[in-house]
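The structure appears below as C-alpha cells.
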Amino acid sequence: MEPARILLVEDNQVNQKVAAIHLRKLGYQVDVVENGEQALVAHATGAYDVILMDCQMPRMDGYSAARAIRAREGDSSHTPIIALTAFAMEGDRERCLEAGMDEYLSKPIDLAQLRRTVESFLK
C-alpha cells in the first residue's frame with residue numbers, strides 16, 4: 001500500500017523541517033511548499049490525501065489558498081485541509097473553518113495530535 005501523500009504549506013523553514021520530520025516519522029510521503037500560491041500549483045499537479053496549511057504566510061495566506069482550493073474542487077472532490085497556526089485565540093478555529101479548512105492544529109505541533117488528526121481524515 002502506498003503511503004499517504006501530504007502537502008505541507010509552511011513559510012518558516014524551521015517549522016517546515018520539524019513538521020516534515022514528524023510526518024515522515026509517521027510514514028507519510030511529504031511535499032513542502034512555502035506559500036499559498038505554491039500550494040495551488042502543487043494541488044493542481046498532485047493528488048494529495050491531506051493538506052497541512054499554515055494560515056499566516058506572505059504572498060498568499062492559508063485562508064485565501066484554502067478558499068481557492070475549495071472553489072477549484074467544487075462538489076467533485078474534497079481534499080482535507082488542516083490549518084496550522086501559531087495563533088490560538090478565540091475565533092481562529094471558526095475563521096479556519098469558514099475559509100474551507102476541515103480542522104485546526106496549533107503550533108508547536110504535537111506528534112500524537114498530528115497523527116490523530118491526519119489519520120482521522122485518511123479513514
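Owing to the predicted nature of the structure, the values given are computational and were not obtained by experimental measurement. In what follows, every heavy atom counts, from backbone to side chain, and hydrogens, waters and symmetry copies are set aside.
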Gly36 and Val9 have their tightest heavy-atom pair at N-CG1, 4.3 Å
When every non-hydrogen atom of Val33 is compared with those of Ala42, the smallest separation belongs to CG1-CB, 4.3 Å
Look up atom [atom1] in [X] and atom [atom2] in [Y], then write down how far apart they are to the nearest 0.5 Å.
X	Y	atom1	atom2	value
Glu10	Asn15	CD	CG	4.5 Å
Ser64	Met57	OG	CE	9.0 Å
Met53	Leu84	CE	CG	9.5 Å

Sorted by chain and number, sequence neighbours left out, salt bridge (Lys or Arg N to Asp or Glu O under 4.0 Å) with Glu34 holds for none
For Ala19, the side chain to side chain contact (heavy atoms under 4.5 Å, CB included) test, sequence neighbours excluded, returns Leu8, Ile109
ILVMFWY cluster, [X] and [Y] together (side-chain gap under 4.5 Å):
X	Y	value
Leu7	Met60	yes
Tyr28	Val50	yes
Tyr48	Ile81	yes

For residues 23-33, the salt bridge (charged side-chain N to carboxylate O under 4.0 Å, His left out) pairs (sequence neighbours left out) are Arg5-Asp31
Residues pairing under salt bridge (charged side-chain N to carboxylate O under 4.0 Å, His left out) where one sits in residues 65-74, two or more places apart or in two chains, turn out to be Arg70-Glu73, Arg70-Asp102
Considering only heavy atoms from C-beta outward, does the side chain of [X] approach that of [Y] to under 4.5 Å?
X	Y	result
Gln38	Asn35	yes
Tyr104	Thr85	yes
Tyr63	Met101	yes
Leu52	Leu23	yes

In Asp11, Val30, Val32, the residue satisfying side chain to side chain contact (heavy atoms under 4.5 Å, CB included) with Gln16 is Val32
### Task
May I ask you to decide if Pro3's main-chain N or O and Gln29's side chain share a donor-acceptor pair within less than 3.5 Å?
no
List the atom pairs, donor and acceptor, that lie under 3.5 Å between side-chain atoms in residues 116-123 and the rest of the protein, sequence neighbours left out.
{"residue": "Arg116", "atom": "NH2", "partner": "Gln113", "partner atom": "OE1", "Å": "2.7"}
{"residue": "Thr117", "atom": "OG1", "partner": "Gln113", "partner atom": "O", "Å": "2.8"}
{"residue": "Thr117", "atom": "OG1", "partner": "Gln113", "partner atom": "NE2", "Å": "3.4"}
{"residue": "Ser120", "atom": "OG", "partner": "Thr117", "partner atom": "O", "Å": "2.6"}

**Prompt:** Should the pair Asp54-Lys107 be classified as a salt bridge under the 4.0 Å nitrogen-to-oxygen rule?
**Reply:** yes
Members sharing Ile21's hydrophobic cluster, built from side-chain contacts under 4.5 Å between Ile, Leu, Val, Met, Phe, Trp and Tyr, are none
